[in-house]
Amino acid sequence: MFFNSFTFVAFFFLVYCSYLFLKSHYKAQNLLLLISSYIFYGYWDARFLLLLAFSTGVDYCVGRWLEQYQSIRLRRIFLALSILSNLAVLIFFKYFNFFSLSIINLLSSIGLNPDPLTLNIILPVGISFYTFQTLSYSIDVYKGKISAEKNLINFALFVSFFPQLVAGPIERASTLLPQISKPRFLNVDQINAGLFLILWGYFKKLVIADNLGGIADEIFESYTTYEGLDLLIGSLAFTVQIYGDFSGYSDIARGLAKLMGFDFMLNFNLPFFATSPSNFWARWHISLSTWFRDYVYIPLGGNRLGAIATYRNLTVTMLLCGLWHGAAWNFILWGAFHGMILIGYRMAKPYFLQLPKWLISNAWITSLLGMGMMIFLTTIGWILFRSSNLQQAFYILTNINFSSSSETSSLAHDLLFFSLPLLIVQIYQFISQDLLILTKLSPWLRVFLYGGILSAIIVFSSRDRSEFIYFQF
């Protein structure tokens with residue numbers, strides 16, 4: 001059940017009306033949301049519900065046991081049970097065939113020819129998201145950061161809440177469970193912000209991402225037939241597409257939650273305005289980047305053990321981040337690339353301080369230079385991410401130039417046409433330092449704005465609607 005489907009609109013309308021009817025009974029609301037979330041998830045494949053229930057059951061029990069027993073040995077066993085059981089399911093369904101084929105290819109390269117062992121495995125939608133969400137709960141209970149949730153319905157809803165179940169944000173138990181465990185109250189500001197986020201999210205997905213996705217798909221699928229400038233346009237189109245697609249989903253999820261009285265964490269904070277790699281990861285897919293920071297990078301030692309150890313920790317963290325995105329070498333290479341630029345910027349930091357004083361003193365110049373460099377570097381990363389194989393990525397990267405074709409002008413026009421509204425709004429948000437600045441306009445201006453966004457969605461939505469990109473992860 002995709003957010004960009006009429007089925008989901010009808011589903012949410014029925015759920016929301018029932019939710020409001022039960023406004024005086026938050027426990028009944030929780031049960032309604034839990035049942036609705038399982039219906040939502042089971043709509044793809046009812047078998048997926050078994051995995052969701054398994055993950056929920058294991059970590060609910062582990063949380064209770066961690067709080068009940070004080071023995072260090074037992075607590076470690078319980079934590080290991082949570083980590084191993086969740087990761088075993090994730091690895092089997094997402095990575096079994098990848099690792100199997102990789103080993104076979106490696107053996108074949110040295111003259112051995114084993115029989116391939118692959119299974120017809122269906123990847124459950126959103127398994128990477130809810131696995132990481134429930135894992136963080138067990139780890140936080142083990143560390144004593146939060147108390148174990150005793151109400152099974154509340155915990156099951158925390159794991160499966162439908163607005164963010166299949167593509168995040170990856171919520172922490174410390175912020176979402178307290179909202180589930182008490183009554184929610186709606187106010188005008190929440191409804192206003194929720195409606196804006198939903199409309200803006202759909203606009204970013206249906207108008208920006210899906211239209212630019214048509215350009216990117218065409219160029220990446222027939223990359224050898226396009227000129228150098230066309231390849232650049234296709235790469236930039238995908239850069240904007242993946243942002244519009246994923247941040248659009250996150251906006252819709254946050255908007256739906258606000259209409260029900262919940263507050264999800266901010267998952268995107270104007271990443272095109274990042275001035276360094278670390279600043280980019282503080283703005284892009286924040287729920288995932290902070291997850292890897294808190295549960296991988298810092299436990300490995302972070303930056304506390306010297307430069308070499310820091311570089312190692314950054315490399316391991318970003319490789320795992322790449323692997324989290326998918327079972328393919330291009331994702332691992334994408335993660336390695338981001339690890340390299342994180343390390344490169346750290347190594348170059350002393351040299352930045354030696355830049356001319358007039359340049360350092362003009363913050364707006366250094367900021368613009370930093371933004372331009374990060375757009376350049378992240379676009380290279382997105383080429384690696386989008387390419388179906390390393391040969392394709394290498395070809396595109398080495399053939400981008402300023403040679404044009406008869407289609408270049410049309411492609412550039414479409415790229416600019418569908419990117420410009422996003423750029424204008426985000427510049428306004430950046431200058432005001434407020435992502436919800438448009439919700440603070442006068443009521444009449446808001447009516448005009450929301451009506452304009454809705455009209456644009458109706459008129460300019462791509463006919464070739466696609467599922468959200470991050471559903472595959």
Side-chain angles (χ1 to χ4, degrees), residues 25-42 44-94 124-184 253 257 260 262 264-265 287 291 294-295:
H25 309 280
Y26 81 94
K27 292 183 179 179
Q29 286 180 325
N30 288 349
L31 181 59
L32 168 70
L33 293 178
L34 177 59
I35 294 171
S36 302
S37 297
Y38 269 68
I39 292 172
F40 171 81
Y41 195 57
W44 273 284
D45 191 323
R47 293 173 295 180
F48 294 170
L49 296 176
L50 296 175
L51 296 176
L52 183 62
F54 171 77
S55 181
T56 300
V58 167
D59 287 301
Y60 173 76
C61 292
V62 165
R64 297 296 303 275
W65 294 337
L66 286 171
E67 200 162 69
Q68 181 179 353
Y69 296 97
Q70 300 304 313
S71 165
I72 295 177
R73 180 173 175 273
L74 280 177
R75 286 169 57 81
R76 287 177 176 172
I77 290 174
F78 294 144
L79 179 62
L81 172 64
S82 172
I83 294 173
L84 292 176
S85 60
N86 280 288
L87 291 184
V89 172
L90 179 62
I91 290 170
F92 176 77
F93 281 94
K94 190 167 183 176
V125 178
I127 189 171
S128 298
F129 287 91
Y130 71 73
T131 297
F132 271 34
Q133 182 157 309
T134 189
L135 265 180
S136 68
Y137 165 82
S138 298
I139 296 171
D140 286 351
V141 173
Y142 174 80
K143 292 183 176 180
K145 293 183 177 180
I146 59 173
S147 299
E149 176 57 53
K150 296 178 175 57
N151 187 302
L152 179 58
I153 291 176
N154 289 354
F155 182 75
L157 179 57
F158 158 72
V159 177
S160 64
F161 193 21
F162 71 85
Q164 49 88 221
L165 172 60
V166 295
I170 303 171
E171 290 291 327
R172 302 294 178 88
S174 58
T175 57
L176 185 54
L177 271 174
Q179 297 180 65
I180 292 173
S181 303
K182 64 181 181 182
R184 280 82 57 180
M260 293 183 282
F262 293 91
F264 286 168
M265 73 176 294
S287 64
W291 198 100
D294 294 343
Y295 300 108

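When reading the values below, keep in mind they use all heavy atoms of this one structure, side chains included, and skip hydrogens, waters and symmetry mates.
Residue Leu66 holds its CG atom at 11.0 Å from SG of Cys61, rounded to the nearest 0.5 Å. With rounding to the nearest 0.5 Å, the separation of CG in Leu165 from CD1 in Ile127 is 11.0 Å. Distance check, rounded to the nearest 0.5 Å: CZ of Phe262 to CD of Gln164 gives 10.0 Å. A distance of 11.0 Å separates CH2 of Trp65 from OG of Ser138, quoted to the nearest 0.5 Å. Atom CD of Gln29 and atom CG of Leu33 lie 7.0 Å apart (nearest 0.5 Å). For the atom pair CD1 of Ile77 and OG of Ser82, the computed distance is 14.0 Å after rounding to the nearest 0.5 Å.
With Ser55 contributing its side chain and Leu51 its backbone, the two residues share no donor-acceptor pair below 3.5 Å. Distance alone, capped at 3.5 Å, places no donor-acceptor pair between the Thr134 side chain and the Thr131 backbone. With hydrogens and angles ignored, the 3.5 Å screen pairs a side-chain donor or acceptor of Asn30 with a backbone N or O of Ile180. The main-chain N or O of Thr175 is found under 3.5 Å from a side-chain atom of Gln179 such that the two form a donor-acceptor pair. Although no hydrogens or angles enter the test, the distance criterion places a donor-acceptor pair under 3.5 Å between the side chain of Tyr60 and the main chain of Lys150.
Considering every non-hydrogen atom in both Trp291 and Ser136, the closest pair reads NE1-CB, 3.5 Å. Annotation for Pro178 and Ala173: closest pair CD-O, 3.3 Å, computed over non-hydrogen atoms. Nearest heavy-atom pair, Ser160 versus Tyr38, reported as atom, atom and distance to 0.1 Å: OG-CE1, 3.7 Å. Across all non-hydrogen atoms, the minimal contact from Glu67 to Ala148 is OE2-N, 3.0 Å. Among all heavy-atom pairs drawn from Tyr41 and Val125, the shortest one is OH-O, 2.5 Å. Summarising the geometry of Ser287 relative to Ile170, their closest heavy-atom pair is OG-N, 3.1 Å, with the distance given to 0.1 Å.
Contact check for Tyr137 versus Glu149: side-chain heavy atoms found under the 4.5 Å cut-off. Looking only at side-chain heavy atoms (C-beta outward), Gln133 and Phe161 stay at 4.5 Å or farther from each other. Annotation: side chain of Phe40 is in contact with side chain of Val166 (closest heavy-atom distance under 4.5 Å). Contact check for Leu157 versus Ser37: side-chain heavy atoms found under the 4.5 Å cut-off. The closest side-chain heavy-atom distance from Ile146 to Arg172 is not below 4.5 Å. Between Ile83 and Leu135, the closest side-chain pair of non-hydrogen atoms falls below 4.5 Å. Residues Asp59 and Phe158 are not in side-chain contact: their nearest non-hydrogen atoms beyond the backbone lie 4.5 Å or more apart.
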- Message: Could you walk me through whether Leu79 and Val62 satisfy the side-chain contact (heavy atoms from CB on, under 4.5 Å) test, starting with their C-alpha distance in whole Å, then the side-chain angles of each, then the deciding distance to 0.1 Å, before giving a yes or no?
- Response: CA-CA 7 Å; Leu79 179 62; Val62 165; 5.7 Å; no

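Side-chain atoms of Lys94 and Ser128 form a donor-acceptor pair, as typed in the model, at a separation below 3.5 Å.
Aromatic ring centroids of Phe132 and Tyr295 lie 6.0 Å or more apart. Checked against a 6.0 Å centroid threshold, the rings of Phe48 and Tyr130 do not count as neighbours.
Around the NZ atom of Lys27, the shell of radius 6.0 Å holds no more than 12 heavy atoms that belong to other residues, nucleotides or ligands.
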